[in-house]
Amino acid sequence: MPATVIVGLQWGDEGKGKTTDFLAEQVAVVVRYQGGDNAGHTVVVGEETVKLQLCPSGVLYPHITSVIGNGVVVNPATLIRELDMLIGKGVDVSRVRVSRSAHVIMPYHVALDKANESRLAGAKVGTTGRGIGPAYGDRAWRLGLRMEDLVVEERLRERITRALEDKNLLLESMGADRFDVEPLVARCLAWGERLRPHLDDSTWIVQDALRRGDHVLLEGAQGALLDLDHGSYPFVTSSNPVAGGACTGGGIGPLQVDEVIGVMKAYATRVGSGPFPTELFDETGRGIAERGREFGTVTGRARRVGWFDTVPLRYAVAVNSASAIVLNKLDILSGIETIKLCVAYEIDGQRVDKWPSSGARLANAVPIYEDFPGWEQPIHDVRSLADLPENARRYVSALEEHAGVPIVFVSVGPERTQTIERAWRPMRHRPGALA
Ligand code: GDP
Ligand code: IMO
Ligand code: MG
């Protein structure tokens with residue numbers, strides 16, 4: 001029963017889209033298990049670049065069943081736009097299945113997210129403004145709408161009327177516009193009509209696939225350091241990107257997971273507010289941002305850039321029980337004379353090796369670095385480990401040693417094939433592999 005979870009080990013944008021697409025060739029089903037259209041996952045095949053916010057990054061393969069799991073919050077307007085974009089590229093979207101129990105991001109969730117961020121002003125989280133927090137909040141408060149509700153008019157009207165009673169009070173108190181029931185009901189019905197053929201019982205799709213012996217890949221959004229429980233609260237997202245989230249949000253049990261692949265890049269980035277001990281404010285940082293095209297896929301915001309930090313890496317490997325790592329964007333470090341690797345922090349005069357759970361302590365962390373000599377030459381065209389510059393191999397080995405888990409692939413460019421196999425043990429069940 002092989003199920004493999006793909007998780008971000010940093011603050012998101014580690015290249016999960018590229019990694020999922022690369023590995024999806026070998027599986028039957030790919031599932032998104034949490035987050036919503038705050039995610040932006042990029043897949044590059046040949047000259048074509050596809051940015052996905054809700055559909056799992058395996059959707060481009062004709063053999064994949066793509067599942068949007070119950071743990072995802074779905075903005076139906078975004079999903080419909082994405083399906084239209086994929087249809088325009090000739091992708092058969094009938095294989096996109098959407099959990100009936102996934103919650104709906106309503107227009108008032110988006111308005112509340114934005115209004116709350118302006119109210120927080122200098123203390124804002126720096127959300128993507130997609131209504132993620134308010135939608136998950138309503139889910140927990142049992143005030144939410146689920147995808148199945150979009151096709152039942154009476155139920156829609158009842159749920160929206162109840163929700164708007166306090167949403168409108170809140171919106172007005174924040175100086176934002178009110179919503180009326182009937183226009184929202186009409187919009188939801190139109191969404192429901194369009195999405196009806198995709199609604200499904202996603203847990204049984206996944207469970208039946210596993211029972212048949214098909215390989216299922218579960219694709220996380222965001223990253224461990226943005227996790228609602230494990231990240232630096234309140235500068236986090238409102239779901240659980242960590243591997244445990246794949247169980248609750250993807251419809252599988254913990255013992256059905258046989259591999260957790262952590263995805264990270266060769267340096268660090270963060271979008272939005274919150275502590276970032278290794279952040280760079282100099283020319284080196286600007287160079288990395290430029291070469292790495294570090295602008296948000298969803299919001300276009302400049303991503304903050306810093307050196308790789310092994311302190312949260314060790315934490316992320318532990319809480320995800322990562323069994324293998326994919327290292328992306330090594331190519332972006334070409335041309336840097338000395339690469340710094342954060343190995344520990346100094347907090348209040350003491351050396352700290354463990355990621356502190358306290359946000360206040362983290363805010364005072366001063367990185368302790370080890371220096372690594374860099375390499376000059378571009379490595380985009382390298383396809384075997386032996387052809388990487390020695391200093392690049394040394395840096396990769398140091399990262400691996402800190403992680404305590406094998407780095408199985410090294411990526412040297414955005415395109416599907418710009419990938420170096422390092423210590424990969426092929427996944428057990430490839431379609432056609434036994435033929
Ligand atoms: P995700 O949210 O984790 O899927 O990552 P994003 O797609 O938001 O951001 C990663 C960006 O880096 C995308 O533009 C990818 O095309 C690109 N990318 C992924 N791997 C590599 C790599 O090894 N080298 C380079 N240069 N770009 C990469
Ligand atoms: P992918 O899947 C990077 C960040 C936001 C903000 C915080 C909360 O592409 O890696 P939210 O809108 O979720 O309430 O915002 O989380 N954030 C991301 N940062 N990559 C993402 O997704 C992100 N999704 C949310 O910038 O700091
Ligand atoms: Mg992204």
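Atoms within a ligand are numbered from 1 in the order they appear, just like the ligands themselves.
Atom 23 (O) of ligand 1 has Ser411 OG, 2.5 Å as its closest protein atom, hydrogens excluded (heavy atom only). Protein heavy atom closest to atom 7 (O) of ligand 1, with residue, atom name and distance, is Thr42 OG1, 2.6 Å. When only non-hydrogen protein atoms are considered, atom 27 (N) of ligand 1 lies nearest to Lys329 CE, 3.4 Å.
Taking a cut-off of under 4.0 Å to the non-hydrogen atoms of Trp11, the atoms of ligand 2 that pass are 3 (C), 19 (N). Residue contact check: Lys16 has heavy atoms under 4.0 Å from atoms 1 (P), 2 (O), 3 (O), 4 (O) of ligand 1. Counting the atoms of ligand 2 from 1 in the order shown, those under 4.0 Å from a heavy atom of Ala39 are 1 (P), 2 (O), 9 (O), 22 (O). Taking every heavy atom of Leu226 and a limit of under 4.0 angstrom, the matching atoms of ligand 2 come to 4 (C), 16 (O), 17 (N), 18 (C), 19 (N). For ligand 2, the atoms closer than 4.0 angstrom to any heavy atom of Val236 are 7 (C), 8 (C). Every atom of ligand 2 with a heavy atom of Lys16 under 4.0 Å away is listed here by number and element: 1 (P), 2 (O), 10 (O). Near Asp13, meaning under 4.0 Å from one of its heavy atoms, ligand 2 places the atoms 1 (P), 3 (C), 9 (O), 10 (O), 20 (N). Ligand 2 places these atoms under 4.0 Å from at least one heavy atom of Ala221: 2 (O).
Using bins of under 30°, 30° to 60° and over 60° for the plane-to-plane angle, the ring pair Trp355/Trp11 lands in the perpendicular bin. Phe372 and Tyr395 have perpendicular rings, their planes meeting at more than 60° on a 0 to 90° scale where under 30° would count as parallel.
Residue nearest to atom 10 (C) of ligand 1, selected from Asp13, Leu330, Ile6: Asp13 (by heavy-atom distance). Of the listed options Pro234, Gly272, Gly126, Pro241, Gly126 places a heavy atom closest to atom 6 (C) of ligand 2. With atom 13 (O) of ligand 2 as the reference point, the heavy atom nearest to it among Asp113, Asp37, Ile132, Thr237 is part of Thr237.
Remark: Arg286 CZ is packed, more than 12 non-hydrogen atoms of other residues, nucleotides or ligands lying under 6.0 Å away. Heavy-atom neighbours of Glu290 CD from other residues, nucleotides or ligands within 6.0 Å: at or below the threshold of 12.
Within the structure, ligand 1 has Gly40 among the residues with a heavy atom less than 4.0 angstrom away. Note on ligand 1: Met264 sits outside its first shell, no heavy atom being nearer than 4.0 Å. Heavy-atom distances between Arg303 and ligand 2 stay at or above 4.0 Å for every pair. For the pair Glu14 and ligand 1, a heavy-atom separation below 4.0 Å is found. For the ligand labelled ligand 1, residue Gly413 lies inside the 4.0 Å heavy-atom shell.
Polar contact check, Gly129 against ligand 2: no nitrogen or oxygen pair lies under 3.5 Å apart. Residue-to-ligand polar distances place Asn38 within reach of ligand 2: an N/O pair is separated by less than 3.5 Å. Here's the thing with His41: one of its N/O atoms is less than 3.5 angstrom from an N/O atom of ligand 2. Considering backbone and side-chain atoms together, Gly40 places an N or O closer than 3.5 Å to an N or O of ligand 2. Not one N or O of Arg130 is nearer than 3.5 Å to an N or O of ligand 2, by distance alone.
Only backbone heavy atoms of Val412 (N, CA, C or O) come within less than 4.0 Å of ligand 1; its side chain stays farther off. Contacts with ligand 1 closer than 4.0 Å are made by side-chain heavy atoms of Arg303 only, the backbone lying farther away.
Rounding to the nearest 0.5 angstrom, the gap separating the CD1 atom in Ile325 from the CG atom in Asn320 is 10.0 Å. Asp37 CG to Thr128 OG1: the interatomic distance, rounded to the nearest 0.5 Å, is 7.0 Å.
Between the side chains of Ser334 and Asp331, not a single donor N or O lies within less than 3.5 Å of an accepting N or O.
Among the backbone and side-chain atoms of Val298, none of the N, O or S atoms lies under 2.8 Å from the Mg ion (ligand 3).
Looking only at side-chain heavy atoms (C-beta outward), Ile288 and Ile336 come within less than 4.5 Å of each other. Inter-residue side-chain proximity for Asn38 and Thr127 is flagged as unmet; no heavy-atom pair is nearer than 4.5 Å. Residues Gln207 and Gln256 meet the side-chain proximity criterion, which asks for heavy atoms closer than 4.5 Å.
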Does Glu259 form a side-chain hydrogen bond (donor to acceptor under 3.5 Å, both in side chains) with Thr4? I'd like the steps, not just the answer. CA-CA 5 Å; Glu259 180 122 60; Thr4 300; 5.2 Å; no
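Within the 3.5 Å criterion, the main-chain N or O of Asn70 finds no donor-acceptor partner in the side chain of Tyr33. Not a single donor-acceptor pair under 3.5 Å links the side chain of His402 to the backbone N or O of Ser397.
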Only distances under 3.5 Å count here; give the side-chain donor-acceptor pairs of residues 39-49 to other protein atoms, sequence neighbours excluded, each with its distance to 0.1 Å.
unit_1	atom_1	unit_2	atom_2	d
His41	ND1	Glu219	OE2	2.8
Glu48	OE2	Lys89	NZ	2.9

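Taking the six-membered ring for Trp and the full ring otherwise, His103 and Tyr136 have centroids separated by 6.0 Å or more.
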